[in-house]
Amino acid sequence: MKLIYAIVRYDNEDEVINALTKKHFSITKLATTGGFLKKGNTTLMIGTEADRVKEAIEIIKKECGKRQKITVNMPYISGSTMMNCATMPMNVEVGGATIFVIDVEEYEKI
């Protein structure tokens with residue numbers, strides 16, 4: 001038994017969950033926040049048999065394609081000091097997913 005943690009952008013959450021559900025994967029959804037862009041993410045916890053891990057990852061990859069987005073980092077004040085003064089637009093890659101696969105020692109469904 002394996003546990004897959006898939007951190008996906010909030011924008012991709014519905015597509016990923018629908019695609020995984022169609023293939024009969026059990027999913028628990030957690031709302032999370034990313035560190036770099038400070039945008040909403042969704043962390044999916046997917047319990048599955050070891051032989052279905054690759055299938056789940058392929059579904060996630062298909063639904064979370066990477067793309068470019070232009071963003072502006074706004075200055076913020078930390079204490080009495082203004083930090084991050086550059087307000088130039090920057091091109092960042094969004095989408096994709098961060099995936100962790102963990103061995104499950106014991107599993108019970110009650």
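Hydrophobic clustering keeps Phe100 apart from Ile57 (ILVMFWY residues linked when any side-chain heavy atoms are closer than 4.5 Å, directly or through intermediates). Follow the hydrophobic side-chain contacts under 4.5 Å out from Val53 and you reach Ile59 in the same cluster. Residues Ile102 and Ile4 do not share a hydrophobic cluster, clusters being chains of Ile/Leu/Val/Met/Phe/Trp/Tyr side chains in contact below 4.5 Å.
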Can I get a per-line list of side-chain donor-acceptor pairs under 3.5 Å for residues 13-25, giving both atom names and the distance, sequence neighbours left out?
unit_1 : atom_1 : unit_2 : atom_2 : d
Glu13  : OE1    : Thr42  : OG1    : 2.7
Glu13  : OE2    : Lys29  : NZ     : 2.7
Asn18  : ND2    : Asp14  : O      : 3.1
Thr21  : OG1    : Ile17  : O      : 2.7

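The minimum heavy-atom distance linking Leu30 with Met45 is given by the pair CD1-SD, 3.7 Å. Val8 and Ala97 get closest at one heavy-atom pair: CG1-CB, 3.8 Å. The two residues Cys64 and Asn12 make their nearest non-hydrogen contact at SG-CB, 3.9 Å.
Contact of the Glu49 side chain with the Lys2 side chain is not registered, since no non-hydrogen atoms from C-beta on lie closer than 4.5 Å. For the pair Tyr5 and Leu44, the minimum side-chain heavy-atom distance is 4.5 Å or more. By the 4.5 Å heavy-atom criterion applied to side chains, Ile46 and Ile60 are counted as neighbours.
With rounding to the nearest 0.5 Å, the separation of CD in Glu63 from CZ in Arg9 is 15.0 Å.
Under the salt bridge (charged side-chain N to carboxylate O under 4.0 Å, His left out) criterion, Asp51 pairs with no residue, sequence neighbours left out.
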